[in-house]
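Remember, predicted model here, so these are calculated numbers, not experimental data. Proteins get letters first, then strands, A, B, ... in listed order; numbering begins at 1 in each.
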Number of protein chains: 2
Amino acid sequence: MSPNVSVRRYDKLCHNFFNATGGSLRILGRMKNTPHILIVDDSNEISELVERFLRQHGFRTSSAPDGNAMRRALANHQVDLIVLDLMLPGDDGLVLCRDLRAKSSIPIIMLTAMGEETDRIIGLEMGADDYLAKPFNPRELLARIKSVLRRTETLPETRHPPKETTIVFNLWTFDITKRQLITEDGVIVPLSTGEFRLLLTFIQHPGHVLSRDQLMDLTQGRDTEPFDRSIDTQVSRLRKKIELDPKQPEIIKTVWGGGYVFTPTVRNE
Amino acid sequence: MSPNVSVRRYDKLCHNFFNATGGSLRILGRMKNTPHILIVDDSNEISELVERFLRQHGFRTSSAPDGNAMRRALANHQVDLIVLDLMLPGDDGLVLCRDLRAKSSIPIIMLTAMGEETDRIIGLEMGADDYLAKPFNPRELLARIKSVLRRTETLPETRHPPKETTIVFNLWTFDITKRQLITEDGVIVPLSTGEFRLLLTFIQHPGHVLSRDQLMDLTQGRDTEPFDRSIDTQVSRLRKKIELDPKQPEIIKTVWGGGYVFTPTVRNE
DNA sequence: GACGCACTGAAACATTCGGTGACAAAAAAG
DNA sequence: CTTTTTTGTCACCGAATGTTTCAGTGCGTC
């Protein structure tokens, strides 16, 4: 394992990308200034820290302590990306996120406090483009911002419609906002919260073996206890709902001594 | 209640986990060792305590009493995470943290004295990934380490599944993503994890004689024991599933004194 | 607040997987 | 031909996984 190398290379890629696209976009006549990031967090300390850091790295920034200030900021400036705290006075981050998504497609990165009962997955469910658990490394936030900007910037200029929340795999249609599965025949299969989180996590990493530790972290944000079988139980419950023959699972395969893999290819609708 | 027993079993679980994932990841082409943690603290007592504890839980460790020793350690070993005390003789933890960040992105967990609210902000500002107030519970540190490693471990960027590959040989179609074999008639033959790994290895080296040593290394990432027959057993089990007549194997031939060969020509679909 | 209901994780039990040893069979060696 | 080495395969066991049950919890309704 060598996180250093990969991260460093990643930075370099981002850097090159910005140079390249910056130039080409300008040629195309669409003036692209340095991106403007809006930080929405009620903690002054964090806002200032993040703003300073991002400015050092060539972004323009603004900050807002709550939802109202955020709306004012959006009215006054052209904002390219929002870093949105989950816990806010007044409307909370999820509400704001959903509202934003309803009318615009400004990229959103959610900040969630580790161990909060609110799960990070909800952020993605509400249409956030990425999430980051607190406490976080500013470098990591920077990397996420660049990554999200790269993803969204390359899209055509036409306003992208509100984020799709329907995913198709195998014979199933998975409606993320409604938290339910639909068969080809239109039969609706409701999922519990745990099953939903698990399935969403699998869908976000198709074809990759996920260990029980990773699954626990990604679905619950906590560590596995010594004899923790809860992931196994949830997988079993999920299989009973989505597998044709739960005894011979096709969708979620077991990797002996390793974890589980989600095998179908996923398609956005 | 017998905490000792559970702790010992837990250690074993961790150990097995690392072995297992090491193996499976290697198949996917990405080697992952047990993580190496560097403790930087001027108190010998604390260093030793923490090192012992982490080793019991399957990590490799080193320690350094100050910044210079830390730099030497980093030069000599490949380190995956640093536990860094804030108060150090010579350069203090914040300085070291900033220096480290300037040139690498090894994850850092800061140890701070209790009671200073700003420590956290400062630590994060300097680029630490997490912090922990002294005195701390070793288990808590363990949890943070695992959590930070998980966060920094580059999990595959959201949804880029490995390219779907199905391979045809003899009368079989081998679906690597679905981890199963299909006959000409469309009958699905499920493979166990071990059989899958073995067959995958053979298919990646068609026409080459693979020794038991090589097979063990390629499938499990470990060495063969003196009287290890596990490869033979797995080959036998695999033959029973894929050979028309397991007594007269056509697909996987034995090379007496050498190992096994996968004889069919493989075709990518 | 009482009640019913769904959800979840721990525990208990059932099943499967993979390595080990034993023994038979096959191949090489003498 | 016999002996030795190597390989095939089976039965078995411990460990990992699958599944059910059960009790605790939260939530909505009355």
S.K.: Give the rounded distance in Å between these two atoms: CD1 of B:I252 and P of D:dT7.
M.R.: 15 Å
S.K.: Rounded to whole angstrom units, what separation is found between the CZ atom of A:R212 and the P atom of D:dT17?
M.R.: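 Rounded to whole Å, this separation is 4 Å.
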S.K.: Would you say a side-chain N or O of A:T254 is under 4.0 Å from OP1 or OP2 of D:dG18?
M.R.: yes
S.K.: Any salt bridge between A:R237 and A:E195, counting N to O under 4.0 Å?
M.R.: no
S.K.: Look at the side-chain N and O atoms of A:R197 and state whether any lies under 4.0 Å from the OP1 or OP2 oxygen of C:dC7.
M.R.: no
S.K.: Would one find a side-chain N or O of A:K247 under 4.0 angstrom from OP1 or OP2 of D:dT17?
M.R.: no
S.K.: Taking NZ from B:K253 and P from D:dT7, how many angstroms apart are they, rounded to a whole number?
M.R.: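 These atoms are roughly 16 Å apart.
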S.K.: Heavy atoms only, 4.0 Å cut-off, all strands: where does B:R239 land among base, sugar-phosphate and nothing?
M.R.: sugar-phosphate
S.K.: Answer yes or no: are there more than 12 heavy-atom neighbours, outside B:D223 itself, under 6.0 Å from its atom CG?
M.R.: no
S.K.: What's the separation between atom CZ in A:R212 and atom OG in A:S230, rounded to the nearest 0.5 Å?
M.R.: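 The OG atom of A:S230 is 10.0 Å from CZ of A:R212, to the nearest 0.5 Å.
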S.K.: Starting at CD1 of A:I231 and ending at C1' of D:dT19, how long is that distance when rounded to a whole Å?
M.R.: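 So the two atoms are 16 Å apart, to the nearest Å.
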S.K.: Is there a side-chain contact between A:R237 and the phosphate of D:dT20, meaning an N or O under 4.0 Å from OP1 or OP2?
M.R.: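 For D:dT20, OP1/OP2 do not have a side-chain N/O of A:R237 under 4.0 Å.
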S.K.: Looking at B:S192, I'd like to know whether one of its side-chain N or O atoms comes within less than 4.0 Å of OP1 or OP2 on C:dG18.
M.R.: yes
S.K.: Between C1' on C:dA6 and CD on A:Q234, what's the gap in Å once rounded to a whole number?
M.R.: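 Interatomic distance, CD of A:Q234 to C1' of C:dA6: 13 Å.
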S.K.: Where each residue is assigned the nucleotide of DNA chain C containing its nearest heavy atom, which of A:P190 and A:D228 is assigned the position nearer the 5′ end?
M.R.: A:P190
S.K.: Can you check whether A:S236 has a side-chain N or O nearer than 4.0 Å to OP1 or OP2 of D:dT19?
M.R.: yes
S.K.: Rounded to whole Å, how long is the line connecting atom CH2 of B:W256 with atom P of C:dA26?
M.R.: 14 Å
S.K.: Round to the nearest Å and state the distance from B:R179 atom CZ to C:dC17 atom P.
M.R.: 13 Å
S.K.: Quick check: any donor-acceptor pair below 3.5 Å linking the side-chain of A:R229 to the base of D:dG18?
M.R.: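 Donor-acceptor pair under 3.5 Å: yes.
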S.K.: Looking only at side-chain N and O atoms, does B:Q220 come under 4.0 Å of OP1 or OP2 in C:dG18?
M.R.: no
S.K.: Is any side-chain N of the basic residue among B:R52 and B:E48 closer than 4.0 Å to the acidic one's carboxylate O?
M.R.: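 Result for this pair is no, no salt bridge flagged.
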S.K.: Out of curiosity, B:L149 CG to B:I37 CD1, how far, rounded to the nearest 0.5 Å?
M.R.: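 So the gap between those two atoms works out to 5.5 Å.
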S.K.: Using whole Å, report how far CG of B:D232 lies from P of D:dA11.
M.R.: 18 Å
S.K.: Under 4.0 Å, heavy atoms only, any strand: does B:E225 hit a base, just the sugar-phosphate, or nothing?
M.R.: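 No contact at all - B:E225 keeps every heavy atom at 4.0 Å or more from the nucleic acid.
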S.K.: Within less than 4.0 Å of OP1 or OP2 of D:dA16, is there a side-chain N or O belonging to A:Y260?
M.R.: no
